[in-house]
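Okay, structure first, notes after.
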Amino acid sequence: MKEKKKSDVAVLLDYAGSRKKLTFLGLTFSAVSMLLSMVPYICIWLAARDLIAAAPDWTRAESVTGYGWIAFAFAFAGIALYFAGLMCTHLAAFRTASNIRKQGVAHVMKAPLGYFDANASGLIRGRLDAAAADTETLLAHNLADIVGTIVLFLAMVILMFLFDWRMGLSCLLAAVISVLSMAAMMGGKNANFMAQYQAALDRMNKAGTEYVRGIPVVKIFQQTVYSFKAFQASIDEYSYFAGHYNSHVCSKPQSVNLTFTEGAFIFLVPAALFLAPDALSEGNFSGFITDFVFYGVFSAIISTALARIMFASSGIMLAGAALGRINKVMEAPTLESPADPRMPRDNRIEFKDVSFTYDGSETPALSHVSFTARPGQTIALVGPSGGGKTTAASLIPRFWDVSSGSVEIGSVDVKQIDPHMLMEQVAFVFQNTRLFKASILDNVRAARPEASREQVMEALIAAQCQDILDKLPKGLDTVIGTEGTYLSGGEQQRIALARAILKNAPIVILDEATAFADPENEVLIQKAFSALTKGRTVIMIAHRLSTVVEADQIIVLDKGRIAEQGTHEELTAAGGLYARMWADYNRAVQWKISSEKEAE
Ligand code: ADP
C-alpha cells in the first residue's frame with residue numbers, strides 16, 4: 001500500500017515536466033530551513049548554560065547577546081528559505097495542475113464522439129478540474145512539510161543523543177510509543193478496514209449523487225427518501241464502518257497516541273530524578289538543569305512534528321484519489337487516426353458484416369449487419385426500440401468503432417479516412433443534437449464557419465425556420481436561451497437541420513424522432529427533411545412508418561440483427577416483422593382518424 005502511494009506522488013511529479021526539478025529544489029530548501037530553524041533552540045540552550053554558569057552575576061554572561069543575534073539570524077534565514085522552498089513547490093504544483101488539465105483535455109479531444117454521450121462534458125471538466133486542483137495542496141504544501149518534518153525529526157533525534165543520551169532516550173521512548181500506536185491504528189488488519197471504510201464512503205457519495213439526479217422522479221412519484229434503497233443502504237453501511245472505526249479501531253490507540261505525544265516528557269521527569277544525584281555529586285548541577293530545560297522544550301516539538309507528518313500524509317491520500325479520477329479521464333478510449341489517410345471514392349455507404357458491443361455490455365448491440373446504400377439512395381432503419389438503429393447510424397461518423405467487420409464510405413473503411421475529412425463528408429442530426437448558448441447565426445454557422453450571413457439565412461429558410469426568426473427580437477443575432485428566447489423541441493430540431501443543410505455534406509444521417517406532438521412543426525420538419533436529403537445519400541432512423549414508404553431500401557433491425565430488408569412493397573408482401581409493424585401502424589392511424597371523427 002505504501003509503495004502504491006509512493007508511485008502516486010511520482011506519477012504526479014511527472015506531470016510537472018521541466019519544473020519537476022523545482023519540486024526537488026523546494027523540498028531541499030524546506031529540509032534545510034528546518035535544520036536552520038533548530039539553531040535558535042541550541043542558542044537558547046547555550047544562553048541558558050552561560051546564564052546558569054554566571055549566576056548570580058548575570059553580567060558575566062557576555063555571550064548571551066551574541067547567541068540572541070545568532071538565533072535571530074538563523075530563525076530569519078530559516079523562514080526565508082522556507083518561503084523560497086514554497087515558491088519553488090508552488091511553481092511546480094501550478095505547472096502540474098495546468099499540465100493535467102491540458103493533457104486531459106487533449107486526450108478527451110481524441111475520444112470518439114460517443115464517449116461524450118455517456119460522460120457529459122461538464123462531468124469530464126469537473127472531474128479533471130477538481131482533481132487537478134486537489135493535487136495542488138499535496139505538491140505545493142504537504143510534500144515540503146513532510147520532507148522538512150522528517151529531516152527535523154531525524155536531526156532532533158541526533159541532537160538529543162548528542163547532549164545527553166539518557167534523557168534523549170527517555171524523550172524518544174514517548175515518540176516511539178506514539179508512532180507504534182499510530183501504526184496500530186492504520187496498519188495490519190486495520191489497513192484493510194481502512195480500505196473498506198474508504199470504499200463505503202465512495203459508495204455513499206455515488207449513491208448520493210444518484211439520489212440527487214433522481215429527485216425529479218421522486219417528486220413525480222411522491223416517493224420518500226427510503227424508496228432509494230441503495231442510498232439508504234449505503235448510508236447504513238457507512239455509518240457502521242464509521243462507528244466501528246471510531247469505537248473499535250481508533251479509540252484505544254488514539255488515546256495512547258495523544259497521551260504520549262502531548263506528554264512527551266512523561267519519561268523525562270523520572271529519568272531526570274534518576275540522574276540528578278549523579279549530577280550533584282559530579283558538581284555539574286547547572287549543566288544538568290540546562291539539559292533538562294532543553295529536553296523539556298524539545299520534547300514538545302516532537303509532538304508537533306509527529307502531528308504535522310500525520311496531517312500532511314492525508315494530503316497523499318487525497319492526491320491518490322485525485323490521481324484515480326485523472327486516470328479515469330486519461331483512460332478514455334481514443335480514435336486512432338489513420339497514418340496514411342485515403343479519400344473515399346464516392347458517397348456509397350457499406351456495412352460489411354458489422355458487429356458492435358458497447359463497453360461493459362455483454363450482448364452485442366449489432367451482430368453481423370451488412371447492407372449497402374448506393375450514392376443518392378435513402379436507407380431507412382426501422383425496428384423495435386433497442387434494435388440497434390441508433391448504434392448502426394453512429395458507427396458511420398465514428399461515434400464508436402466497430403468491434404468486427406467494417407463500415408465503408410466510397411469503398412474506404414471509415415477508419416482509413418482522415419477524421420476531418422470524414423466529418424466534412426457526413427452531416428448528422430440526432431435526437432440529442434444540442435444548440436449552443438450563442439446567436440442563431442453562430443449556431444448554424446458552426447457547421448461551416450466561413451459561410452456568409454446570406455448562406456446561413458438560405459439554410460434557415462430551407463429548414464423552414466422563417467417563423468422562428470420572425471418572432472425573435474434580434475432575428476438571426478438573437479442569443480438562444482437569453483432574454484426569454486427559449487425554443488421548443490421542434491424549433492430546435494429545425495435549427496439543427498439548418499445547420500446540417502448549411503454543411504452541405506454528401507452523406508446525411510438523420511434521426512427523424514422529434515417532438516412530433518405539434519402538427520405545425522411536423523409539417524415544417526418534413527419539408528426541412530426534404531431540403532436536407534435531396535440528392536444525398538441518406539441513412540434515416542425512422543420511427544413513423546409513413547416516412548419510410550418512399551425509401552429505396554428498408555433495413556429492419558431487431559435485437560441487433562437484420563431481420564428483413566427490402567422495399568416497402570417487398571416487405572409488406574413478405575408478411576414478416578415489417579408487415580406486422582405496418583399493419584399495427586395502420587390500425588393506429590385508423591383508430592386516430594376515427595376517434596377524431598367521433599370527436600367532431
Ligand atoms: P434503437 O436505436 O434501435 O432503439 P440502440 O442502437 O439505441 O437501439 O440500442 C441497441 C442496444 O444497445 C440496446 O440494447 C441498448 O440498450 C444498447 N445501448 C445503446 N446505447 C448504449 C450505450 N451508450 N452503452 C451501452 N449500451 C447501449
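Computed from a predicted structure; not experimentally measured. In what follows, every heavy atom counts, from backbone to side chain, and hydrogens, waters and symmetry copies are set aside. Order of listing sets the numbers, starting from 1, for every ligand and every atom in it.
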Does Ser361 reach ligand 1 with a nitrogen or oxygen that is under 3.5 Å from one of the ligand's nitrogen or oxygen atoms? no
Kindly assign one of parallel, tilted or perpendicular to the pair Trp582 and Tyr578, based on the angle between their ring planes and the thresholds 30° and 60°. parallel
Exam field: side chain Ser403 to backbone Thr357, donor-acceptor pair closer than 3.5 Å: yes
Close approach, Ser385 and ligand 1, non-hydrogen under 4.0 angstrom: yes
Salt bridge check: are Asp134 and Arg325 linked by an N-O gap of less than 4.0 Å? yes
Which ligand 1 atoms, with their elements, are less than 4.0 angstrom from a heavy-atom of Gly387? 1 (P), 3 (O), 8 (O)
Ignoring angles and geometry beyond distance, decide whether Thr391 reaches within less than 3.5 Å of ligand 1 through its nitrogen or oxygen atoms. yes
Find all atoms of ligand 1 within a distance of less than 4.0 Å from any non-hydrogen atom belonging to Ala365, and give their numbers and elements. 11 (C), 12 (O)
Using 4.0 Å as the upper bound for N to carboxylate O, is an ion pair formed by Asp477 and Arg453? yes
Would you call Arg398 and Asp401 a salt bridge, using N to O less than 4.0 angstrom? yes
